[in-house]
Amino acid sequence: MSNLEELIQKVADLIRQSEKVIVFTGAGVSTESGIPDFRSPGGVWQKYNPEDFYYQKFISSEESREKYWKMSREFYEPLKNAQPNAAHRSIVELEKMGKLDCVITQNVDNLHQRAGNSPEKVIELHGTAISVSCLTCRKKYAREEIQSRLLRGVRVPKCDQCGGILKPDTVSFGQSMPPRETEEAFHRARNCDLMIVIGSSLAVQPAAAIPLEARESGAKLVIINRDPTYHDSYADVVIHGSAGEVMSKILNRLKGG
Ligand code: APR
């Protein structure tokens, strides 16, 4: 048995022995669906400077908002057309097996829900890119509607109701995390048997503290990521490889394949 096959077997055994599995995902779980991640070559922060996209900048100047919406318009296209991939489908299968306590995701692409995970089992730490809100009157818009305005040449969309600033319902750097989701994620991490990280560099806090919280509370920790992550040394099992391929092999092994 190759080293990879041994690791696949070990993760399958850990899932079999667990009642409450949490899957923690980052942008790397969606790259095989055509959505770029942030810190890999060609990722979002290789093309744009994250400094330009802090929340304080966004609300302080029209120029910053124009820069933000230009980037958002570009990256909404692959997101809008993206289909769930084998990694997302494997996580849905874990739910169907009754193994999945929840998915805690840093992603805003709604692909876990589109793949078939129950929405109430998906905790979105960084919000969602499929809706937009007015920061003044809180009126909500479908992101698709705002995209059509951007594609018609609107540079900084404004609220129809009050003229206020519109922003996608994602969490920007410098913006506070959603309190309910954050509290729920840490609480569930403290009470799971196994946490499987898929497709995250674990570079951003407080999200990256969640897998450590699970480990410190007695859970086993598995990291599946193409490149080394900041927390590989804390994991019981680390598999460096493709999310779709590795998760498919694990599910096949679980089903006796
Ligand atoms: N299979 C497995 N791993 C992959 C794949 C793949 N197909 N594609 C990319 N990866 C890995 C990369 O090796 C990388 O380490 O996914 C990781 C993605 O890391 P980041 O780009 O840093 O994304 P993420 O960890 O989700 O970033 C966290 O940072 O900018 C903020 O809010 C943004 O939610 C995001 C947060």
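Both ligands and their constituent atoms are indexed starting at 1 by order of listing. The structure displayed is predicted, hence computed values, not measured ones.
Of all atoms in ligand 1, numbered sequentially from 1 with element shown, those under 4.0 Å from a heavy atom of Asp227 are 12 (C), 13 (O). Atoms of ligand 1 found under 4.0 Å from any heavy atom of Ser242, numbered from 1 in the order shown, are 1 (N). Contact atoms of ligand 1 toward Trp45: 30 (O) (distance under 4.0 Å to a heavy atom of the residue).
If you check the side chains of Lys167 and Ser172, you find a donor sitting under 3.5 Å from an acceptor.
Between atom 32 (O) of ligand 1 and the options His126, Gln106, Glu32, the minimum heavy-atom separation is to His126. Counting heavy atoms only, Gly199 comes closest to atom 18 (C) of ligand 1 of the residues Gly43, Gly199, Gly127.
Residue contacts with ligand 1: Asn107 is placed with no nitrogen or oxygen under 3.5 Å of a nitrogen or oxygen of the ligand (distance criterion only). Where the criterion is an N or O separation shorter than 3.5 Å, residue side chain and backbone included, Ala243 meets it with respect to ligand 1. Considering backbone and side-chain N/O atoms, Gly26 never comes within less than 3.5 Å of an N/O atom of ligand 1. Looking at Phe173 next to ligand 1, no N or O pair under 3.5 Å apart turns up.
Under a 4.0 Å N-O distance rule, the pair Asp160/Arg149 qualifies as a salt bridge. A salt bridge does not link Lys220 with Asp193: none of the charged nitrogens is closer than 4.0 Å to a carboxylate oxygen.
For the pair Glu74/Lys47, a side-chain contact is recorded, criterion being any heavy-atom separation below 4.5 Å from C-beta on.
Scanning both residues, Leu125 and Glu181, for their nearest heavy atoms gives CD2-O, 4.2 Å.
Separation of atoms CG (Asp227) and OG (Ser200) is listed at 11.5 Å; rounding is to 0.5 Å. Rounding to the nearest 0.5 Å places CD of Gln17 at 9.0 Å from CG of Leu194. The structure places CZ of Arg39 at 10.0 Å from CD of Gln46, a figure rounded to the nearest 0.5 Å.
Here the two rings, on Phe58 and Phe53, have centers that are 6.0 Å apart or farther.
Ranking protein heavy atoms by distance to atom 26 (O) of ligand 1, first place goes to Ala27 N, 2.8 Å. Looking at atom 9 (C) of ligand 1, its nearest protein heavy atom turns out to be Asp37 OD2, 3.3 Å.
Close to ligand 1: Gly241, with a non-hydrogen atom less than 4.0 angstrom away. Residue contacts with ligand 1: Ala203 is excluded, as none of its non-hydrogen atoms falls under 4.0 Å.
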